[in-house]
Amino acid sequence: MADVVDFFLDQAEASSHVQFVYDLAAGRIVFINAAYEQVFQGTCGLVNAELPGLLQRLHPDDRAYLAHYWVRWQQGPPANEVE
């Protein structure tokens with residue numbers, strides 16, 4: 001199982017797309033890959049402090065969609081995949 005975890009971690013780290021893991025119970029991002037710094041000009045170590053500003057950059061049309069899925073995620077994993 002560790003090989004699978006290492007494989008996915010290596011893939012996330014090498015990706016040019018921002019990938020993150022948000023811990024609902026902790027209420028914070030617990031993993032962010034280096035692409036965050038390139039794409040959003042943020043600092044990986046400060047991602048949780050930067051999160052409110054990042055959320056303000058969302059297009060207004062996307063906020064209702066994301067709010068809907070946020071409520072669903074808090075109730076349990078969604079039945080379909082969301083990107």
Side-chain angles (χ1 to χ4, degrees):
M1 184 67 163
D3 290 340
V4 174
V5 172
D6 290 340
F7 171 78
F8 283 113
L9 183 58
D10 290 346
Q11 293 297 310
E13 287 292 355
S15 179
S16 61
H17 299 280
V18 176
Q19 297 184 33
F20 66 95
V21 175
Y22 187 87
D23 183 331
L24 285 173
R28 59 189 222 91
I29 293 174
V30 295
F31 170 82
I32 187 97
N33 69 342
Y36 170 74
E37 294 187 355
Q38 295 297 317
V39 174
F40 293 111
Q41 287 76 50
T43 302
C44 289
L46 301 174
V47 65
N48 286 292
E50 296 171 352
L51 190 55
L54 185 60
L55 293 173
Q56 290 300 312
R57 294 168 59 180
L58 291 173
H59 191 280
D61 293 346
D62 293 332
R63 291 181 185 186
Y65 174 80
L66 293 172
H68 167 78
Y69 275 99
W70 179 252
V71 169
R72 291 193 57 204
W73 283 326
Q74 290 177 316
Q75 296 168 351
N80 59 342
E81 185 174 322
V82 179
E83 292 189 26

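Reckoned from all heavy atoms, side chains included, excluding hydrogens, waters and symmetry mates.
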Can you get from Leu58 to Trp70 by hopping between Ile, Leu, Val, Met, Phe, Trp and Tyr side chains that sit under 4.5 Å apart?
-> yes
Crowding at CZ, Phe8 (>12 non-hydrogen neighbours, <6.0 Å) = no
Do the side chains of Leu66 and Leu55 join up, straight or via other hydrophobic residues, at under 4.5 Å, putting them in one cluster?
-> yes
Atom pair CG/CD of Leu24 and Gln75 - distance to nearest 0.5 Å = 11.0 Å
Taking only residues two or more places apart in sequence, or in another chain, which ones meet His59 in a side-chain contact (heavy atoms from CB on, under 4.5 Å)?
-> Asp61, Asp62
Is the count of non-hydrogen atoms from other residues, nucleotides or ligands lying under 6.0 Å from Tyr22 atom OH greater than 12?
-> yes
Nearest heavy-atom pair of Asn33 and Val18: which atoms, and what distance?
-> OD1-CA, 3.5 Å
Quick one: CD on Gln56 to CG on Leu51, what's the gap to the nearest 0.5 Å?
-> 10.5 Å
Considering all heavy atoms of both residues, which atom of Ser15 and which atom of His17 are nearest to each other, and what is their separation?
-> OG-N, 2.9 Å
Pairing residues for Glu37 by the side chain to side chain donor-acceptor pair (under 3.5 Å) criterion, not counting sequence neighbours | none
Should Glu13 and Phe31 count as side-chain neighbours, where that means a heavy-atom distance under 4.5 Å?
-> yes
Residues Phe40, Arg57; criterion side-chain contact (heavy atoms from CB on, under 4.5 Å); working and verdict | CA-CA 10 Å; Phe40 293 111; Arg57 294 168 59 180; 3.6 Å; yes
Among the clusters formed by ILVMFWY side chains lying less than 4.5 Å apart, do Leu46 and Val39 turn up in the same one?
-> no
What are the two closest heavy atoms between Asp23 and Ala26, and how far apart are they?
-> OD1-N, 3.0 Å
Side chain to side chain donor-acceptor pair (under 3.5 Å) involving Thr43 - partner list, sequence neighbours excluded | none
Correct closest heavy-atom pair for Cys44 and Ala34 would be SG-CA, 4.1 Å
Report the distance from atom CD1 of Ile29 to atom CG of Leu54, rounding to the nearest 0.5 Å.
-> 7.5 Å
Can you measure from CG (Asp10) to CG (Asp3) and round to the nearest 0.5 angstrom?
-> 10.5 Å
Phe20 and Val30: same hydrophobic cluster, using ILVMFWY side-chain contacts below 4.5 Å?
-> no
